[in-house]
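So the structure is just underneath, and the comments pick up after that.
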Amino acid sequence: MFKALAIAGFSLSSLVISNVAQANWQLVNDKSQLSFVSIKKDSIAEAHHFTNLEGMLSDKGEFSVNVDLTSAETLIPIRNERLTALLFEAAKFPNAVLTANLTKELSNIKKPGQYVLKGIKAELDFHGNKKPLAIDVLVNSTQSGDLTVSSFTPIIINSADFGVTEGVKQLQKLAGLPSIATAVPVTFAITLKKQ
């Protein structure tokens, strides 16, 4: 049905119809990154990232990114361990999963190039809690049909929304810090390869 609509209604070139309406894309881990910024002592900001991501975008617009929470990289091994065990509780909640349906957005791909998709509706499943998110993304479609998707504005994740505030307090206590921010900006840059 989507293929027929794409052909009939969106006036796409045959190349792009092949790339978009009939393709599935797989996330390329070594060309993708999801980063977050922690803020301690009210003014000291540090950037961190996850080293293991998986994801896909189907030809029907079903988009998902699976974040391996045990792959958090802060450049300090003991902090990595504490984040994994105390904040993420990865033994119980090993992954965070972002999902969205981009069916309507795929119809905007008319030719290779950049464009902005405002207000994508998504859902984040993290630490046993699911919350809706609105995400602005910048998408680039290449001649080969691969896609790059990156955050156009940071996503603010609040610890209270996902039940991890107690974990933040434990980290603060162990590190002997006067404060650690309970809201963090998250950004991503993802490459999806056409299958």
Side-chain angles (χ1 to χ4, degrees), residues 2-3 5-7 9-38 45-75 88 94-126 130-157 184-195:
F2 180 78
K3 178 180 173 184
L5 285 174
I7 293 171
F10 303 130
S11 300
L12 304 180
S13 71
S14 59
L15 172 66
V16 176
I17 287 171
S18 174
N19 286 347
V20 176
Q22 300 175 356
N24 290 303
W25 299 267
Q26 203 73 31
L27 185 148
V28 182
N29 186 65
D30 62 357
K31 293 182 179 179
S32 302
Q33 184 161 296
L34 189 150
S35 303
F36 62 100
V37 176
S38 64
E46 297 175 291
H48 319 294
H49 67 279
F50 294 94
T51 61
N52 190 13
L53 305 174
E54 294 180 352
M56 56 84 64
L57 174 64
S58 76
D59 60 353
K60 295 180 180 178
E62 297 164 347
F63 177 68
S64 67
V65 176
N66 189 315
V67 182
D68 176 1
L69 297 176
T70 66
S71 72
E73 181 55 74
T74 69
L75 303 181
F88 301 145
N95 302 300
V97 181
L98 179 74
T99 56
N101 189 307
L102 306 183
T103 302
K104 292 180 181 178
E105 286 72 24
L106 284 181
S107 70
N108 291 327
I109 302 177
K110 293 182 171 58
K111 60 182 180 179
Q114 295 183 337
Y115 56 93
V116 176
L117 304 177
K118 288 286 190 179
I120 298 300
K121 291 183 179 179
E123 181 181 77
L124 179 61
D125 184 344
F126 170 48
K130 295 181 179 181
K131 297 290 180 183
L133 299 173
I135 304 174
D136 293 342
V137 295
L138 178 66
V139 178
N140 181 55
S141 174
T142 68
Q143 291 287 346
S144 68
D146 295 345
L147 298 174
T148 58
V149 184
S150 57
S151 49
F152 193 65
T153 55
I155 306 160
I156 305 300
I157 302 297
V184 298
V186 176
T187 58
F188 60 86
I190 292 170
T191 295
L192 296 155
K193 185 171 184 61
K194 187 181 71 169
Q195 298 299 294

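Remember, predicted model here, so these are calculated numbers, not experimental data.
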* Identify the heavy atoms of P185 and P154 that sit nearest to each other, and give their distance. => CB-CB, 4.0 Å
* **Donor-acceptor pair, side chain of N29 and main chain of T51, under 3.5 angstrom** => yes
* To do: Name the orientation class of the two ring planes belonging to F88 and F36 (parallel below 30°, tilted from 30 to 60°, perpendicular beyond 60°).
  => perpendicular
* **Validation row: N66, V97 side chains within 4.5 angstrom (heavy atoms)** => yes
* Would you sort out whether T99 and D125 count as a side-chain contact (heavy atoms from CB on, under 4.5 Å), showing the intermediate values? => CA-CA 8 Å; T99 56; D125 184 344; over 6 Å; no
* Does the S32 side chain pair with the main chain of T191, one donor and one acceptor, at a distance under 3.5 Å? -> yes
* L34 pairs by side chain to side chain contact (heavy atoms under 4.5 Å, CB included) with which of L53, T187, N52? -> L53
* Tell me, do L133 and L98 make a side-chain contact under 4.5 Å, heavy atoms counted? -> yes
* Asked: Quick one: NZ on K60 to CG on N101, what's the gap to the nearest 0.5 Å?
  -> 11.0 Å
* When T74 is tested against each of E46, H49, H48 for side chain to side chain contact (heavy atoms under 4.5 Å, CB included), which residue passes? -> H48
* Would you check if D146 and T148 make a side-chain contact, meaning some heavy-atom pair closer than 4.5 Å? => no
* **Rounded distance (nearest 0.5 Å) linking atom NZ of K31 with atom NZ of K193** => 6.5 Å
* **Non-hydrogen side-chain atoms of L69 and F126 separated by less than 4.5 Å** => yes
* **Inter-residue atom distance N24.CG - E62.CD, 0.5 Å rounding** => 9.0 Å
* Asked: Excluding sequence neighbours, so at least two apart, what forms ring pair (Phe, Tyr, Trp, His ring centres under 6.0 Å) with F188?
  -> none
* To do: Give the intermediate values and the outcome of side-chain contact (heavy atoms from CB on, under 4.5 Å) for residues I120 and F63.
  => CA-CA 11 Å; I120 298 300; F63 177 68; over 6 Å; no
* Out of curiosity, Q33 CD to I190 CD1, how far, rounded to the nearest 0.5 Å? -> 10.5 Å
* To do: To the nearest 0.5 Å, tell me how far T153 OG1 sits from L138 CG.
  => 11.0 Å
* Do the side chains of M56 and S58 get nearer than 4.5 Å, heavy atoms only? -> yes
* **4.5 Å side-chain heavy-atom contact, V149 and L192** => yes
* Please report the shortest heavy-atom distance between K130 and E123, naming the atom on each side. => CD-OE1, 3.7 Å
